[in-house]
Amino acid sequence: MSAVPAARKTRAPHADLDVATIRREFPVLERTVHGKHLAYLDNAASSQRPRAVIDAMSGYYETTHANVHRGVHTLSQEATDSFEGAREKVRRFINARSMKEIVFVRGTTEAVNLVAQSFGRPRFGPGDEILISWLEHHANIVPWQLLCEQTGATLKVAPITLRGEVDYDAFTALLSPRTKLVALAHVSNALGTIVPVRRFIQAAKARGVPVLLDGAQAVPHLEVDVQALDCDFYAFSSHKMCGPTGIGVLYGREALLREMPPWQGGGDMILAVAFEKTLYNDLPWKFEAGTPAIAEAIGLGAAIDYLEALGMERIAAAEHELLEYATARVQEVPGVRLVGTAPEKAAVVSFTLEHVHPHDLGTILDHEGVAIRTGHHCAMPVMDFFNVPATARASFAFYNTRAEVDQLVAALHTAREMLG
Ligand code: 7TS
């Protein structure tokens, strides 16, 4: 789960992944943009999908679609089997103890909101504290602010260092008997920092504080084992891990999920409804009101099969190599300043280019076929910390190549000549 071992860093390019073959499995990577090869380097925002995922979803629509959990007819039963089969794949992928602990949601954002409203709202009150870090995506800030407004609880923020690491000593100093929940990014989307979460979790657990991890940027790139991490909640999105949009996962420790009330009411989350009293369904369906995203769950299952066949360790090694290459090459461009230089990083290179606004840079790069994200990356406090309005962010997946890094660097030189 942790960073790539040092020995791997010396491996041949892309470790042992056959990137040329892999790329042919991603139809969109064959297209051009403005007549140029598309270098898709915006994977932290959303990755692309392999044919296996697209086929699993269209195959489901062509042969099986029906509503789940509701019919005795064949299609409904097959759809239910495929949907619940996807849940089992997720369980195995993150090594949860039971499928009861895998709640399908729309994505990381919804998962965090679910925990805030169902775990936090009934329990927290004035004087209670929720501890996050300065690195967080807005999805791991705003739900807590809403909860604080609703309950009178207070949001505490652990500072970060100049390299973009969460300051462990400051974090532990902020843990107090008032702390009722810790919510941390596993990997920062804006900077790529891999937070050594085991240490932070141990510190919280030693004080009996439950921990939620925002794994949106971790699950696509690292091996994640929720039992080894010993976290209480873990949230992630399918669309960043080669799966479809519209679905994600909340892992929750069974004992906690059991105690939590449903957060939305409706069909599928009940056992029996009467006007006097409604009996809620068992886990995990208690948290899945209404018709779920069935094809999307099946697509997510296919994405997991795909990633597992490649191997998360090999994916991490290949991406780490790209990170090292890109970090060195981007710095060759005069005026580039890296933002976020933690020693352990996922394959994200965030930077500014002197005299060029990131937005203009993004536009010029697009004309050169290079897709990167420019802006605040939904992490405005991180931008404030580094005193920049925005950064340019190249984020890599295992299907990216060194040639695409070179294309990015050439485009940066072009931008500098035009605007610098
Ligand atoms: N948490 C982190 C760390 C993220 O990177 C994102 C999305 C989210 C939560 C929210 O995920 P969602 O699927 O619910 O939207 N990050 C980005 C990004 O970096 N650029 O676009 C979306």
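Counting starts at 1 for both ligands and their atoms, following the listed order. Along the sequence shown, residues are numbered consecutively beginning with 1. Worth saying up front: this structure is predicted, and the values here are computed from it rather than measured.
Residues in residues 190-209 take part in these ring-ring contact (aromatic ring centres under 6.0 Å, His included) pairs, two or more places apart or across chains: Tyr168-Phe200, Phe171-Phe200.
In this structure, His34 and His367 have parallel ring planes: the angle between them is below the 30° cut-off, well short of the 60° mark. Ring pair Tyr306/Phe398 is tilted by interplanar angle, where 30° to 60° counts as tilted.
Using modelled atom types, one finds a donor on one side chain and an acceptor on the other under 3.5 Å when comparing Gln150 with Gln117.
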N or O contacts of ligand 1 with protein under 3.5 Å, please list pair by pair.
unit_1	atom_1	unit_2	atom_2	d
ligand 1	1 (N)	Asp214	OD1	3.2
ligand 1	1 (N)	Asp214	OD2	2.5
ligand 1	5 (O)	Gln217	NE2	2.7
ligand 1	13 (O)	Ser237	OG	2.7
ligand 1	13 (O)	His239	NE2	2.8
ligand 1	14 (O)	Thr108	N	3.4
ligand 1	14 (O)	Thr109	N	2.9
ligand 1	14 (O)	Thr109	OG1	2.5
ligand 1	16 (N)	His137	NE2	3.4
ligand 1	16 (N)	Lys240	NZ	2.8
ligand 1	19 (O)	Asn189	ND2	2.8
ligand 1	19 (O)	Arg393	NH1	2.7
ligand 1	19 (O)	Arg393	NH2	3.3
ligand 1	20 (N)	Arg373	NH1	2.5
ligand 1	20 (N)	Arg393	NH2	3.3
ligand 1	21 (O)	Arg373	NH1	2.8

Determine whether Ser58 and Glu62 satisfy the following criterion, side-chain hydrogen bond (donor to acceptor under 3.5 Å, both in side chains), listing intermediate values before the conclusion. CA-CA 6 Å; Ser58 49; Glu62 283 169 16; 4.6 Å; no
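Once rounded to the nearest 0.5 Å, the distance linking CZ of Arg337 with CD of Glu354 reads 10.5 Å.
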